Amino acid sequence: MLVAPQSASADEIRIHDIQGKTRTSPLAGKQVTEVPGTVTAVRAFGSSRGFWVQDTRPDRDPATSEGIFVYTGSTTPALAVGDAVLVSGIVAEYYPGGANAGLQSITQLTKATWTVQSSGNALPAAFRLNASSIPNRYAPEADVEHGNIEGLELNPRSYALDRYESLEGMRVAVRNAPVTGATSEHKELWVTAEPRHNRTERGGVLYHSYRDPNPGRVKVASLIPYAERPFPVANVGDQLSGTTAGPLDYDNFGGYEIQATELGQLADKALKRETTRKQRADELAVATYNVENLSPKTPQAKFDRLAAALVHNLAGPDIVALEEVQDDNGPTNDGVVSADATLKKLTEAIVAAGGPAYQWRQIDPRDDQDGGQPGGNIRLAFLYNPERVSFTDIAGGDATTPVKVVKDGGKATLSASPGRIAPADEAWNNSRKPLVGQFSFRGKPIFVVANHWNSKGGDQGLDSRFQPPARPSETQRVAQAKAVNGFVKELLAADPRADVVVAGDLNDYAFSPALHALTEGKVLTDLVNTLPLDERYGYVFNGNSQTLDHMLTSRHLRKVDYDIVHINAEFADQASDHDPSVVRIKP
């Protein structure tokens with residue numbers, strides 16, 4: 001049986017009454033009639049069309065928004081910016097990604113009708129987002145009774161998320177905004193409204209603590225037709241000069257977003273891709289690089305770019321730990337697990353780019369057991385330059401046999417090389433098993449452990465309605481960290497002077513519990529912590545520059561030179577979404 005929505009008196013209802021003082025409307029589910037406002041923007045494309053309307057007679061309560069989105073589905077409303085309207089409809093709360101995704105809701109009007117009273121009216125002034133208007137504290141703690149922040153009265157002067165929510169649907173503006181997240185394929189970018197907060201040396205904003213997610217970050221999309229105004233192709237460190245303004249929206253791919261009706265001009269700051277120095281004769285250069293689902297089906301242009309980066313930007317490392325190497329037919333899910341064709345194509349491209357004739361070592365995983373793209377069978381692999389370093393082949397390594405530490409004459413060696421760490425351990429369920437290789441450089445053994453830990457899938461977003469957001473994926477990474485830490489301890493127990501490099505995409509931060517578990521007992525040094533604070537990143541997500549890829553060394557390796565080589569993450573044009581990194585060591 002259908003239940004008709006309750007109605008509310010039009011004499012009492014304005015937009016701020018609908019929005020209320022919390023994140024959800026006190027009138028949710030009710031019919032409202034003839035709510036006044038001025039059209040500030042129209043979304044005329046996609047499956048979520050509609051318009052934003054804002055009251056030009058606001059109340060005096062900073063917690064109540066004066067703007068709201070009117071949803072019209074796949075129909076473009078016949079309205080123009082500046083129309084004064086009376087809108088009737090049902091108040092609804094829309095959760096991007098569904099209520100179970102943990103995100104905040106958007107208060108909107110649905111099943112709407114409207115009448116135009118006049119046209120060409122001036123728009124209300126845009127609220128200025130800047131360091132003065134955005135609080136440093138990011139979010140309140142969740143209501144214990146309900147487990148989220150929806151029921152809490154908004155406090156926009158104390159919390160950044162409350163400030164944004166109090167402006168939901170209203171016109172907001174940023175001026176001369178630095179770009180902190182490059183333009184994506186979806187024609188969106190990130191800026192910061194706090195130009196002096198946690199800036200990196202190359203113009204981003206550094207995420208270096210759970211306590212400070214950089215509250216000035218906001219995403220920018222455009223409502224201006226692309227034929228009329230192409231969306232700017234921006235890199236981190238560029239600037240949207242002048243004013244960027246439009247209604248403040250919220251989406252499931254990044255939280256609060258300016259739907260720009262006015263877009264600043266791109267000021268290109270000419271960000272350059274970095275090049276690291278060549279290792280000296282007595283230095284061993286070990287690199288790590290996530291090549292992002294590489295397979296023979298990948299366009300040749302990407303192989304060429306990866307090869308050029310390894311040869312020129314990374315100066316031809318002696319050993320490269322690769323992550324996300326797919327099998328020989330990529331995402332085709334047919335039981336193929338070999339990756340020889342993938343690695344052959346990459347090493348040939350490296351030679352063509354003027355680099356060394358790398359050889360490789362890897363272990364084929366069991367089909368569809370290591371996560372990643374279904375059918376892709378991503379795995380870890382080593383490239384090494386036989387002119388500079390040799391690989392110590394020890395038979396016995398396969399997908400299911402755990403590698404063991406063997407003590408031989410007071411020195412450590414492996415039961416298999418290459419080998420996999422504890423592949424049957426549940427810590428590695430649906431995740432890549434670490435690949436261990438024993439190398440020899442100038443007669444000295446070097447142990448390299450390549451890693452690609454489980455992703456953050458399933459974690460609640462920074463802008464979640466659950467605060468602090470839960471990180472359930474972290475449990476598995478902590479278990480993975482303990483397994484690798486235990487293996488390194490076994491190596492050091494067999495030989496306290498063993499030279500060990502642990503490298504790869506660990507999918508977690510230097511300040512995370514997983515990295516604390518990996519370095520427990522001070523058996524490893526996370527080299528990112530040796531860099532100046534504003535250089536500690538190699539990945540950019542939702543406008544935050546952060547560290548997911550790490551290189552760590554055992555305590556005997558004291559002469560190290562570490563470099564994150566910024567060639568991808570800050571750029572709209574990427575060969576991978578990760579920056580590679582390299583450490584030069586003197587064993």
Side-chain angles (χ1 to χ4, degrees), residues 274-289 309-322 355-356 358-359 361 382-392 405 408-414 417-418 434-451 484-485 487-504 506 510 518-519 521-532 535-536 538 547 549-565 579-587:
E274 290 187 336
T275 299
T276 198
R277 71 169 176 84
K278 184 74 175 175
Q279 65 270 30
R280 301 183 180 95
D282 61 346
E283 292 178 314
L284 176 71
V286 183
T288 182
Y289 199 174
L310 287 164
V311 175
H312 302 295
N313 300 87
L314 270 72
D318 302 309
I319 301 169
V320 185
L322 297 174
Y358 283 111
Q359 295 183 13
R361 293 292 187 274
F382 292 122
L383 302 183
Y384 68 96
N385 180 1
E387 298 295 321
R388 291 265 303 159
V389 64
S390 62
F391 192 88
T392 304
V405 176
D408 183 12
K411 297 293 185 180
T413 187
L414 303 176
S417 175
L435 185 70
V436 185
Q438 184 171 330
F439 297 83
S440 179
F441 177 68
R442 309 187 90 184
K444 297 180 179 180
I446 305 289
F447 300 93
V448 182
V449 185
N451 298 265
V484 176
N485 174 271
F487 182 81
V488 174
K489 284 178 177 175
E490 290 178 19
L491 278 171
L492 297 179
D495 180 2
R497 297 172 63 84
D499 293 332
V500 185
V501 177
V502 174
L506 306 187
L518 180 60
T519 57
K522 298 182 179 180
V523 297
L524 292 166
T525 298
D526 188 358
L527 297 180
V528 72
N529 293 324
T530 68
L531 297 176
E535 298 178 24
R536 298 179 187 179
T547 303
D549 304 84
H550 296 257
M551 302 194 79
L552 305 95
T553 51
S554 58
R555 52 191 171 225
H556 183 245
L557 288 169
R558 299 185 182 276
K559 297 178 180 179
V560 301
D561 181 20
Y562 174 63
D563 191 10
I564 301 173
V565 187
D579 287 331
S581 52
V582 62
V583 60
R584 291 168 285 263
I585 60 179
K586 292 183 179 181

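Source: prediction; values computed, not measured.
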Evaluate the side-chain proximity of [Y] to [X]: yes if any heavy-atom separation is below 4.5 Å, no if none is.
X    : Y    : value
N313 : T276 : no
Q359 : L383 : no
L527 : V560 : yes
L284 : I319 : yes
I446 : V448 : yes
S440 : V389 : no
V502 : V484 : yes

With rounding to the nearest 0.5 Å, note down the distance linking [atom1] in [X] to [atom2] in [Y].
X    : Y    : atom1 : atom2 : value
F439 : D499 : CZ    : CG    : 13.5 Å
H556 : R497 : NE2   : CZ    : 3.5 Å
K489 : L524 : NZ    : CG    : 9.5 Å
N529 : L552 : CG    : CG    : 9.0 Å
F441 : I585 : CZ    : CD1   : 8.0 Å

Identify the two heavy atoms, one from [X] and one from [Y], that lie closest to each other, and give their separation to 0.1 Å.
X    : Y    : result
S417 : T392 : OG-O, 2.8 Å
A412 : F447 : O-CZ, 3.2 Å
K411 : D495 : CD-OD2, 3.5 Å
A498 : S554 : O-OG, 2.9 Å
D282 : R442 : CB-NH1, 2.8 Å
Q438 : P445 : NE2-CB, 4.4 Å

Can you check whether [Y]'s main-chain N or O pairs, donor with acceptor, with [X]'s side chain at less than 3.5 Å?
X    : Y    : result
K278 : A315 : yes
K444 : P587 : yes
T547 : R536 : yes
E490 : F487 : no

Results of side-chain hydrogen bond (donor to acceptor under 3.5 Å, both in side chains) for [X] - residues two or more places apart only:
X    : result
D526 : H550
E535 : none
N451 : W453
R388 : D318

Holding to salt bridge (charged side-chain N to carboxylate O under 4.0 Å, His left out), I want the full list of residues that pass it with D561, two or more places apart in sequence or in another chain.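 By the salt bridge (charged side-chain N to carboxylate O under 4.0 Å, His left out) rule, D561 matches R277, R584.
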Test L414 against V436 for side-chain contact (heavy atoms from CB on, under 4.5 Å), laying out the working first. CA-CA 9 Å; L414 303 176; V436 185; 3.7 Å; yes
How far apart are the C-alpha atoms of I564 and E274, what are their side-chain angles, what is the distance that settles it, and do they pass the side-chain contact (heavy atoms from CB on, under 4.5 Å) test? CA-CA 9 Å; I564 301 173; E274 290 187 336; over 6 Å; no
Within a reach of under 6.0 Å around CD of E387, are more than 12 heavy atoms found that belong to other residues, nucleotides or ligands?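 Check fails, neighbour count at 12 or below.
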Among D549, T288, L518, which one satisfies side chain to side chain contact (heavy atoms under 4.5 Å, CB included) with L506? L518
Residues that P356 engages under side chain to side chain contact (heavy atoms under 4.5 Å, CB included), provided they are two or more places apart: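 With neighbours one apart ignored, the set is I350, Y358, N385.
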With side-chain contact (heavy atoms from CB on, under 4.5 Å) as the criterion, how do F382 and L322 come out once you've worked through the C-alpha distance, each side chain's angles and the decisive distance to 0.1 Å? CA-CA 6 Å; F382 292 122; L322 297 174; over 6 Å; no
Before you tell me yes or no, could you show the steps for L314 and V320 under side-chain contact (heavy atoms from CB on, under 4.5 Å), namely the whole-Å CA-CA distance, both residues' side-chain angles and the distance that decides it to 0.1 Å? CA-CA 10 Å; L314 270 72; V320 185; 5.9 Å; no
